[in-house]
Every structure is written in C-alpha cells, then in structure tokens.
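Heads up: the structure comes next, in structure tokens.
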Amino acid sequence: QLQLVESGGGLVEPGGSLTLSCTPSGNTLDGYTVGWFRQAPGKEREGVSCMAAYNRDYADSVKGRFTISRDNAKNTVWLQMNSLRPEDTGVYYCAADWRGYSGACGVALRRGLFDYWGQGIQVTVSS
C-alpha cells in the first residue's frame with residue numbers, strides 16, 4: 001500500500017512561487033507514474049502535471065509556469081509553481097500509479113487514472 005504525503009503549500013501573492021513536495025510512507029515511488037491534481041472550491045478536480053519514467057505532461061493552464069520533477073533516490077516528487085495566479089488556488093493532491101511507467105502519462109492525467117492519492121494540501125494565491 002502506497003501512502004502519499006504532500007507538503008509545501010500555503011499562501012502566496014500573485015506572481016509568486018511555491019514548491020510542493022510529495023513523499024511516500026512505507027514504500028518507494030520508483031517504478032510509479034506520479035501526478036499532481038488540484039481542486040478549486042466548487043470545481044471538479046483537474047490534472048495538473050504527471051511524470052513517468054521518460055515522459056512529462058502538463059495541463060494547458062500551467063504549461064510554462066509549473067515544472068514537475070522527481071528524484072527516485074530521495075523518494076520525492078516536486079511541483080515547482082511559478083508565476084502563480086489566483087486561479088491556481090485550490091487543494092493540490094499528489095497521486096501515483098504503477099501502470100504506464102514506461103509510456104506516456106497524459107491520458108492517465110486527464111482521466112484521473114491513479115490508484116494512490118495523498119490527503120491534499122491547500123495552496124492559496126491571493127494579495
């Protein structure tokens with residue numbers, strides 16, 4: 001069983017930056033496709049970014065501003081978020097799935113096809 005823990009959220013002004021981290025409890029992320037999702041109040045959850053072994057994908061709304069990265073040796077996945085906007089506000093979730101690690105992760109990101117989810121962390125972009 002893979003348990004994921006997010007950290008690094010908080011309040012930031014528009015134009016600012018935050019880096020979210022995701023670490024597993026009791027297991028390794030090596031071999032798992034990982035993803036970041038978010039849910040704003042009153043809206044459906046949306047896929048933000050994903051990363052498999054050799055593939056990364058991003059939602060159009062965050063391309064050029066967000067960067068996903070991972071270090072299997074440190075067992076950590078990060079989401080670097082720059083040029084933050086008020087519409088980036090929401091609860092951010094880390095997710096992982098053992099399927100598709102050697103391929104593209106975009107379809108899984110857009111359909112939310114991940115088996116393991118963190119509890120979520122709040123990101124608020126406001127002045």
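All values below were derived from every heavy atom in this structure, side-chain atoms included, with hydrogens, water molecules and symmetry-related copies excluded.
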Roughly how far, to the nearest 0.5 Å, is the [atom2] atom of [Y] from the [atom1] atom of [X]?
{"X": "Cys94", "Y": "Gln119", "atom1": "SG", "atom2": "CD", "value": "11.5 Å"}
{"X": "Asp115", "Y": "Leu2", "atom1": "CG", "atom2": "CG", "value": "10.0 Å"}
{"X": "Met81", "Y": "Asp88", "atom1": "CE", "atom2": "CG", "value": "7.5 Å"}
{"X": "Arg56", "Y": "Leu109", "atom1": "CZ", "atom2": "CG", "value": "14.0 Å"}
{"X": "Leu79", "Y": "Leu20", "atom1": "CG", "atom2": "CG", "value": "5.5 Å"}

Please evaluate residues Phe66 and Leu84 with respect to the criterion side chain to side chain contact (heavy atoms under 4.5 Å, CB included), reporting the C-alpha separation (whole Å), side-chain torsions for both, the decisive distance (0.1 Å), and the verdict.
CA-CA 9 Å; Phe66 289 14; Leu84 283 162; 3.8 Å; yes

Report yes or no: does [X] contribute a side-chain atom to a donor-acceptor pair with the main-chain N or O of [Y] at less than 3.5 Å?
{"X": "Arg70", "Y": "Leu29", "value": "yes"}
{"X": "Arg111", "Y": "Val107", "value": "no"}
{"X": "Asp71", "Y": "Lys74", "value": "yes"}
{"X": "Glu6", "Y": "Gly120", "value": "yes"}
{"X": "Asn55", "Y": "Cys105", "value": "yes"}
{"X": "Asp57", "Y": "Ala108", "value": "no"}
{"X": "Tyr58", "Y": "Ile68", "value": "yes"}

Assess whether side chain to side chain contact (heavy atoms under 4.5 Å, CB included) is satisfied between Ile121 and Val91, documenting all intermediate values.
CA-CA 5 Å; Ile121 192 164; Val91 178; 5.9 Å; no

With heavy-atom distances below 4.5 Å as the criterion, would you say the side chains of [X] and [Y] are in contact?
{"X": "Tyr101", "Y": "Asp30", "result": "yes"}
{"X": "Val12", "Y": "Thr124", "result": "no"}
{"X": "Pro14", "Y": "Pro86", "result": "yes"}
{"X": "Phe114", "Y": "Arg99", "result": "no"}

Can a side-chain donor-acceptor contact be found between Glu13 and Ser127 if the only test is distance below 3.5 angstrom?
no

No-hydrogen, no-angle side-chain donor-acceptor test under 3.5 Å, Asp97 and Thr33:
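Side chains of Asp97 and Thr33: no pair found under 3.5 Å.
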
Evaluation steps, side chain to side chain donor-acceptor pair (under 3.5 Å), between Thr89 and Glu87
CA-CA 5 Å; Thr89 294; Glu87 54 264 39; over 6 Å; no

Carboxylate-amine/guanidinium proximity below 4.0 Å for Asp60 and Lys63
yes

Between [X] and [Y], what is the shortest heavy-atom contact and its length?
{"X": "Ala52", "Y": "Gly103", "value": "CB-O, 3.5 Å"}
{"X": "Ser21", "Y": "Trp78", "value": "OG-CD1, 3.2 Å"}
{"X": "Ser17", "Y": "Ser83", "value": "OG-N, 4.4 Å"}

Would you say Tyr93 ends up clustered with Val123 if hydrophobic residues are merged whenever their side chains have heavy atoms under 4.5 Å apart, either directly or through other cluster members?
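Each belongs to a different hydrophobic cluster.
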
Is it true that Trp117 and Phe37 have ring centroids separated by less than 6.0 Å?
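Yes, they do, as the ring centres are separated by less than 6.0 Å.
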
Yes or no on side chain to side chain contact (heavy atoms under 4.5 Å, CB included) for Arg110 and Glu46, after CA distance, side-chain angles and deciding distance?
CA-CA 7 Å; Arg110 285 154 184 76; Glu46 65 168 335; over 6 Å; no

For Tyr92, enumerate each residue passing the side-chain hydrogen bond (donor to acceptor under 3.5 Å, both in side chains) test, keeping only those at least two apart in sequence or located in another chain.
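Residues passing side-chain hydrogen bond (donor to acceptor under 3.5 Å, both in side chains) with Tyr92: Arg38.
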
Sequence-distant partners of Thr23, side chain to side chain contact (heavy atoms under 4.5 Å, CB included), two or more places apart
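Side chain to side chain contact (heavy atoms under 4.5 Å, CB included) check on Thr23 returns Val5, Thr76.
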
Check step by step if side chain to side chain contact (heavy atoms under 4.5 Å, CB included) holds for Trp36 and Cys50.
CA-CA 6 Å; Trp36 287 98; Cys50 64; over 6 Å; no

